[in-house]
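Notes to accompany the following structure.
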Amino acid sequence: MSRYNAKEVEAKWQAAWEQEKCFEAEADSSKPKYYVLEMFPYPSGRIHIGHVRNYTMGDVVARYKKAQGFNVLHPMGWDAFGLPAENAARDQGVHPAEWTYANIAHMRDELKSMGLSLDWSKEIATCHPGYYGQQQKLFLDFLEKGLVYRKESWVNWDPVDMTVLANEQVIDGKGWRSGAVVEKRKLNQWMFRISDYSQDLLESLENLDRWPDRVRLMQQNWIGKSQGAHVSFDIVGETEPLEIYTTRPDTLFGASFMAVSADHPLAQRLAKESNQIADFIAECHQMGTSEEVIEKAEKRGVDTGLEVMHPFIEGKKLPIYVANFVLMEYGTGAIFGCPAHDQRDLDFARKYGLEVTPVVASGPDENPEIGNEAYTGPGKIINSDFLNGLEIESAKTEIIGRLEELGKGSATVNYRLRDWGLSRQRYWGCPIPVVHCEACGVVAEKEENLPVKLPEDVTFDKPGSPLEHHPSWKHVPCPSCGKEAVRDTDTMDTFVDSSWYFARFCSPRAEQPVEREKVDYWLPVDQYIGGIEHAILHLLYSRFYSRAMKETGWSHIDEPFDGLFTQGMVTHETYRSESGEWLLPEEVTSNDNGDLIELANGRPVKVGGIEKMSKSKKNVVDPGAIIDKFGADAARWYVLSDSPPDRDMEWTDAGATGAWRFKQRLHRFVVETVEKTGQTESVEPSEFSEAALKLRKVAHKTVASVTRNIEDLHFNNAIARIYEFMKALNEFDISNLADDEKWALTESMEIIVRLVGPMMPHLAEELWQMLGKEELLALSAWPAARPDLIVEDQITMAVQVKGKLRATIDVAKDEQQDRVEEIALAQKSVQNAIGENAIRKIIVVPNRIVNVVI
RNA sequence: GCGGGUGUGGCGGAAUUGGUAGACGCGCUGGUUUUAGGUACCAGUUUCUUAUGAAGUGGGGGUUCGAUUCCCUCCACCCGCACCA
């Protein structure tokens, strides 16, 4: 028998699918649609195993849904703008466009070698003017609707490179290339009004019942709705009060200081008169813009010398500090500090010797000690005049009422979600299609001038943005008055590109952002698959974009992704040489003793932890090499089989080998069986032998469970069931087959090939042909499980005594309860375990378990 | 720091969601066949144990007739934190 040659077979079927245009989808309102989408990749140059895992999962769903009779849209594109292309331009002198398109070409080939059921006719790249021009059109529509506005906001500024840095480019407060201490700077930037949608984005999460709970929870917390209060404090000797936001107005009597952000107008004003404050603010501005850095930093502040009057405690004054842990972006940028009941405030108070007054008591103790831990739990209010004895919630209501009477505060709903700043001072992104005119101000580019294309002749040798430096690009006439004006030289955040690509796929070549009939048919995406790292920003921004596109008439939906699945990462062991250098897995082999050694020189290798694959630790495997070695089917099978799809999986060569072996085994089995048994009658026999019936039962049960497992995206379980089925097939004696047994065997072979189809499509297609099928497997229907073959009439029940397993009994399905008890008690091992003890009661869970309680 | 998650044999994991823990795969051990260079098949494989049992799902505690599953607490690792994508 000739060996299965994966390379030839895989290429053959890929060509066949392409020739038949199997996966090209057209909107067709007579058929039910199913839109499967995996998060599109950034064209970094090569696909990695994470991509293989992600796209294989999507492909299984796409092929399965197609077999179920759906009109399936399964497109692919490229998230092609972004920083790495500019870094490559700087480091290697290659133009971002050239670098990007070369990467796309290579990655497209790699993806094609995986045999994915993608509609390549709908391919898009966000860096193509055909895409970003339409994005500019959307932007102008949003602008007209008031969904975009300009505002000053903070950026990380590298004073040596004279450029804005991304958070990841700031390392320990310093620029990654220059090493210069990074400053916060204010720039005029475009913002999307996503915060106007806070309530809607929050409420609608409830209906996203095909999203993972944890993602919904993370979004809920990110939006961060809080019920609190605004409180005005009179500043001693000033006319303007200090306005704060708090979620704990009930702790107002425990206030011992006020704190404002370094960016608060009050701090800014005082800095002009006080060097100490100015210096402190300058220090705060060296902290970077990320919330993580701010929260982790030591709580510090400087006393302004100003004081406020406590609104309820006669004569009590509280000092105002400028503090590094107060965020200008949240609430009003000012707080009152209640150290006893907030950890940050407590750390701060201990550092500056401020008073700590407990106002919530957890127990009967009327004056609990506060050590170095703030008390944030429930309790009764103490030390708080008219609030004493109240529970926290009623105290909140009470004090807000009193504040309102005094005109010094009111109940307020606050959201943590901030507007989305989209301006980037970079070249490789979508130009913002507006012009700044001295006479007319900010003017939208005329629609007929779209796309505003990126200039190609740019250099990256100067610090700052190439668009800013370009000799002519930015100089254009004002679209309104025609006088000399300048383009906005900023480009859009790449999150904008990925916030509507799923809609563009419906009509990828349209001369407008989308064609309504197409998006009306295809959207929303029925199953979206991608990494958990996008749980918040990308998904939230896309949800906002859908709403904004609805408001501007481009779509009918609020929620873009009906079903969401977040897959885990792929990890690998790490290896180091004797001298401590990281080694690639392919540089490592094992010797006769099973110890790992370096392939090059035979020296021992130190094995490190299992970590997320990363270039820096070299624990990466190249999918191209894997596919070359094992074939695409084996690679696909392995990434599906090994771990639950939402969890991290560890890549091991042994695992891939196991997948390869199964592929060979299945191939050999079908080939040999067909050789021995030949063709079968197509008419189903009326009677089956016991062995044939047994096989059929396994086959149909497998259909039922694999179908359910794929619906639930539990691919690893589907594969385990297929392995069990394979075992049953192996046990089936194929010598001297009667006609009915032959028929049952053929049925089972067809079923296993069909079930394997979405996962190992090339092998399955090959075997399908071998079974005499004319139609492509890719176009044929999913098998149905016969209900009469999947029910069992005998059930094995467990018998426990005091919760410990003592016996199992075989009984008829749905056997009478007292009969079950009788059989259970008749077991010798059960009697032994009961011994002299009296039986207190017997619990019988039908068809499951008997528990004798003594 | 804040928010979210994960933890089960030597390894990846399963457990119909409160009902026989370890399905299935890998690895390993023994055997059969001899494939001579990722071979196939059969048997075994949680740990301890006086072979009767006992313990066991990251540690500790709790609820329950019964807990991998629910609650509390601690530990370890992972993801996100608004300019990486």
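Every value quoted in this text rests on a predicted model; they were computed, and no experiment measured them. Here is how names work: the chains are called A, B, and so on, in the same order as the sequence lines, proteins then strands, and each is numbered from 1.
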Can you find a donor-acceptor N/O pair under 3.5 angstrom joining the side chain of A:Gln169 to the base of B:C84? no

Answer yes or no: side-chain N or O of A:Glu292 and base N or O of B:C81 forming a donor-acceptor pair under 3.5 Å. yes

Identify which nucleotide among [options] has an atom closest to any side-chain atom of [X], counting heavy atoms from C-beta outward.
| X | options | value |
| --- | --- | --- |
| A:Phe495 | B:A85, B:C81, B:A23 | B:A85 |
| A:Leu217 | B:G13, B:G5, B:U17 | B:G5 |
| A:Glu724 | B:A23, B:C65, B:A85 | B:A23 |
| A:Arg665 | B:C41, B:C79, B:A85 | B:C41 |

[X] [atom1] to [N] [atom2]: how many Å, rounded?
| X | N | atom1 | atom2 | value |
| --- | --- | --- | --- | --- |
| A:Gln800 | B:C65 | CD | P | 13 Å |
| A:Glu291 | B:G3 | CD | C1' | 10 Å |
| A:Arg840 | B:G66 | CZ | P | 9 Å |
| A:Ile722 | B:G25 | CD1 | C1' | 13 Å |

With the threshold set at 4.0 Å, does a side-chain nitrogen-carboxylate oxygen contact exist between A:Lys727 and A:Glu724? no

Answer yes or no: is there an ion pair linking A:Glu291 with A:Arg416, defined by an N-O contact shorter than 4.0 Å? yes

Are A:Phe565 and A:Tyr528 an aromatic pair by the rule of ring centers under 6.0 Å? no

Rounded distance in Å between the [atom1] positions of [N] and [M]:
| N | M | atom1 | result |
| --- | --- | --- | --- |
| B:G62 | B:G9 | P | 24 Å |
| B:G18 | B:A54 | P | 27 Å |
| B:C11 | B:C81 | C1' | 34 Å |
| B:A36 | B:U47 | C1' | 40 Å |
| B:A76 | B:G27 | C1' | 26 Å |
| B:A40 | B:G7 | P | 33 Å |
| B:A51 | B:C41 | P | 38 Å |
| B:G56 | B:U69 | P | 13 Å |

State the syn/anti category of B:G9 according to its glycosidic angle, syn meaning within 90° of 0. syn

Sugar-phosphate only, base, or nothing, as touched by [X] at under 4.0 Å among non-hydrogen atoms:
| X | value |
| --- | --- |
| A:Val852 | nothing |
| A:Arg416 | base |
| A:His538 | nothing |
| A:Glu298 | nothing |
| A:Asn851 | base |

Ring-plane angle category for A:Trp420 and A:Phe192, please: parallel below 30°, perpendicular beyond 60°, tilted otherwise. tilted

Using the ring of each side chain (for Trp, its six-membered ring), is A:Trp154 parallel, tilted or perpendicular to A:His285, with breaks at 30° and 60°? tilted

All side chain to side chain donor-acceptor pair (under 3.5 Å) counterparts of A:Lys186, not counting sequence neighbours: none

Go through A:Phe81 and A:Tyr132 one step at a time and tell me if the ring-ring contact (aromatic ring centres under 6.0 Å, His included) criterion holds. CA-CA 10 Å; A:Phe81 275 137; A:Tyr132 72 71; 5.5 Å; yes

What do you reckon, do A:Trp660 and the base of B:G38 stack, with centroid distance below 5.5 Å and planes below 30°? yes

Are any of A:Arg721's side-chain N or O atoms less than 4.0 Å away from OP1 or OP2 of B:U16? no

A:Arg424 vs B:C83: side-chain N/O to OP1/OP2 distance below 4.0 Å: yes

